[in-house]
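This chain uses plain numbering: 1 for the first residue, then up along the sequence. What you see below is based on every heavy atom in this structure, not just the backbone, and it leaves out hydrogens, waters and symmetry mates.
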Amino acid sequence: MDVTTLVNNVTRVLINPAILLIFGIALVVFIWGLVQFLWAANVGGKESNTGKQHMLWGVVGMFIMVASFGILTLIQNTVNSLH
């Protein structure tokens, strides 16, 4: 097994599903924050800061997962071009 095959297999089997799982969790956190924010706006504004924080961290988490996916794709393409 050469390095290219190893990198491709690790990326395909371990890293990509983990990135998708964490991205999904970040999306759920964002949606939950949106629901909290809209509910607080309807009720009276008490919980709007909590909803804003959840939305912020959900977006940060999604950005990190997209960036890590891009970096890993760059590494994988670099390793593939070496062989």
Side-chain angles (χ1 to χ4, degrees):
M1 180 180 286
D2 61 344
V3 174
T4 305
T5 307
L6 179 65
V7 169
N8 288 337
N9 287 340
V10 167
T11 301
R12 182 177 48 86
V13 173
L14 294 176
I15 297 175
N16 285 344
I19 289 173
L20 287 174
L21 177 67
I22 296 170
F23 184 86
I25 292 170
L27 182 63
V28 167
V29 168
F30 174 79
I31 292 172
W32 177 248
L34 182 63
V35 167
Q36 284 181 327
F37 180 75
L38 292 176
W39 182 264
N42 190 24
V43 172
K46 185 177 180 183
E47 294 288 326
S48 66
N49 287 335
T50 304
K52 287 179 187 178
Q53 287 295 326
H54 284 143
M55 287 190 297
L56 174 68
W57 287 112
V59 169
V60 168
M62 288 186 286
F63 175 77
I64 290 171
M65 290 303 104
V66 168
S68 65
F69 182 75
I71 291 169
L72 289 171
T73 302
L74 179 68
I75 291 170
Q76 188 176 12
N77 289 340
T78 303
V79 169
N80 286 339
S81 68
L82 293 176
H83 276 227

Side chain to side chain donor-acceptor pair (under 3.5 Å): pairs with one or both residues in residues 7-19, sequence neighbours excluded = Asn8-Gln76, Asn8-Asn80, Asn9-Arg12
Separation of Thr50 OG1 from Phe37 CZ (nearest 0.5 Å) = 11.5 Å
inquiry  = Applying side chain to side chain donor-acceptor pair (under 3.5 Å) as the test, list every pair that has at least one member in residues 60-70; sequence neighbours left out.
reply    = none
note = To the nearest 0.5 Å, atom CH2 of Trp57 lies from atom CD1 of Ile64 at 8.0 Å
Listed pairs under 3.5 Å, donor-acceptor, residues 17-28 side chains, sequence neighbours left out:
none

inquiry  = Could you measure the distance from the CZ atom of Phe69 to the CG atom of Leu74? Nearest 0.5 Å is fine.
reply    = 12.0 Å
ask   = Does one hydrophobic cluster hold both Met62 and Met65, with members joined at side-chain heavy-atom distances below 4.5 Å?
value = yes
